[in-house]
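Shown next, in structure tokens, is the structure this report addresses.
Every chain is numbered from 1 and lettered A, B, ... according to where its sequence line falls, protein lines coming before strand lines.
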Amino acid sequence: ETGVTQSPTHLIKTRGQQVTLRCSSQSGHNTVSWYQQALGQGPQFIFQYYREEENGRGNFPPRFSGLQFPNYSSELNVNALELDDSALYLCASSAGTGVQQTQYFGPGTRLLVL
Amino acid sequence: AQRVTQPEKLLSVFKGAPVELKCNYSYSGSPELFWYVQYSRQRLQLLLRHISRESIKGFTADLNKGETSFHLKKPFAQEEDSAMYYCALWENQGGKLIFGQGTELSVKP
């Protein structure tokens, strides 16, 4: 069984640019959640995708958007990058959206915005 | 507003000593709480969840609704317990986890 994978592992961008981060969910999982983890903070929920539809969204501006594909992999897109977007971006997959479904996390993508 | 607070950024204990990692929450409904752990160079993983009432690696956590707490405890710390620990609250709307800021546990030999 393959775990959650994310690409790239590291990324450096400049202010105003756009970035796309990718996540492959664990086999058998149809739900992907994205989190932003700033340095010294806990992960903060960005949004969740279930069967290719956005299922919930945290307190992030519209320039944070996402997609989920038929194979349940997912992308996180961030437009008009700001310095404060520098963080570790985590995705987590699960076999559903309920509280009983464990979220399995990927290793993260570290984004630095200069 | 729903919130999770972990008051200690760093907790340092000696091997064999008892450990208690504090977690307090604010939630308007019936809370479902979790502890996640991140060992050095590993990914974030679930340690235990309130609804399972299980003990993992000797750790337990009891939900105290009166004190709105979900402290993580272990009677005898081991060096391999050194890690970053995050308390998290489940919010039904949107299926999201609300994490605390984390506590780094350092177990010294």
Side-chain angles (χ1 to χ4, degrees), chain A residues 2-7 9 23-26 29-51 53-60 64 66 68 74 87-110, chain B residues 1-10 21-27 29-54 56 63 70 72 83-105:
Chain A
T2 307
V4 179
T5 60
Q6 293 186 243
S7 62
T9 54
C23 172
S24 289
S25 58
Q26 188 165 310
H29 288 183
N30 56 18
T31 304
V32 173
S33 304
W34 285 92
Y35 294 84
Q36 180 196 65
Q37 187 174 18
L39 201 60
Q41 304 294 319
Q44 189 174 357
F45 179 78
I46 303 175
F47 43 56
Q48 182 183 79
Y49 278 83
Y50 170 64
R51 292 186 175 179
E53 298 285 333
E54 187 179 289
N55 183 56
R57 190 178 182 92
N59 190 25
F60 280 81
F64 284 78
Q68 188 178 32
S74 178
L88 180 67
Y89 289 84
L90 298 169
C91 80
S93 76
S94 54
T97 61
V99 64
Q100 70 278 15
Q101 303 297 343
T102 300
Q103 293 192 9
Y104 292 85
F105 283 82
T109 293
R110 189 163 296 280
Chain B
Q2 281 76 295
R3 185 166 56 243
V4 174
T5 304
Q6 294 179 251
E8 302 142 327
K9 284 208 142 187
L10 173 65
L21 298 166
K22 291 182 166 46
C23 172
N24 290 92
Y25 66 89
S26 172
Y27 188 62
S30 185
E32 300 293 349
L33 288 144
F34 303 78
W35 277 97
Y36 277 78
V37 62
Q38 187 167 27
Y39 300 102
S40 179
R41 297 189 184 88
Q42 294 188 28
R43 58 188 67 189
L44 195 60
Q45 59 186 287
L46 179 66
L47 178 62
L48 58 80
R49 59 176 74 205
H50 151 244
I51 52 177
S52 299
R53 295 188 169 276
E54 56 201 345
I56 303 294
L63 177 62
F70 188 58
L72 183 68
M84 199 72 191
Y85 291 81
Y86 295 95
C87 182
L89 171 69
W90 175 264
E91 182 173 299
N92 270 327
Q93 189 176 1
K96 69 180 180 184
L97 288 168
I98 300 169
F99 285 88
Q101 289 189 309
T103 298
E104 182 181 354
L105 174 64

Quiz item: What part of B:Glu32 gets closer than 4.5 Å to chain A, counting heavy atoms only: side chain, backbone, both or neither?
Solution: side chain
Quiz prompt | Structural part of B:Leu97 lying under 4.5 Å from a heavy atom of chain A | solution = both
Per-residue contact mode, [X] against chain B (heavy atom under 4.5 angstrom):
X        : value
A:Thr97  : backbone
A:Tyr35  : side chain
A:Gln101 : backbone

Quiz item: Taking atom types as modelled, is there a side-chain donor on A:Thr102 or B:Arg49 under 3.5 Å from an acceptor on the other?
Solution: yes
Quiz item: Is there a donor-acceptor contact under 3.5 Å linking the side chains of B:Gln2 and B:Tyr27?
Solution: no
Quiz item: Do other residues, nucleotides or ligands put more than 12 heavy atoms under 6.0 Å from A:Leu39 CG?
Solution: no
Self-check item: Inter- and intrachain pairs under salt bridge (Lys or Arg N to Asp or Glu O under 4.0 Å), touching residues 95-105 of chain B, at least two apart
Solution: B:Glu91-B:Lys96
Quiz prompt | For chain B, the option from A:Tyr50, A:Tyr104, A:Phe45 that forms the most heavy-atom pairs under 4.5 Å | solution = A:Phe45
Exercise. Only counting residues at least two apart or in another chain, list the ones meeting side chain to side chain donor-acceptor pair (under 3.5 Å) with A:Gln48.
Key: A:Ser33, A:Asn55
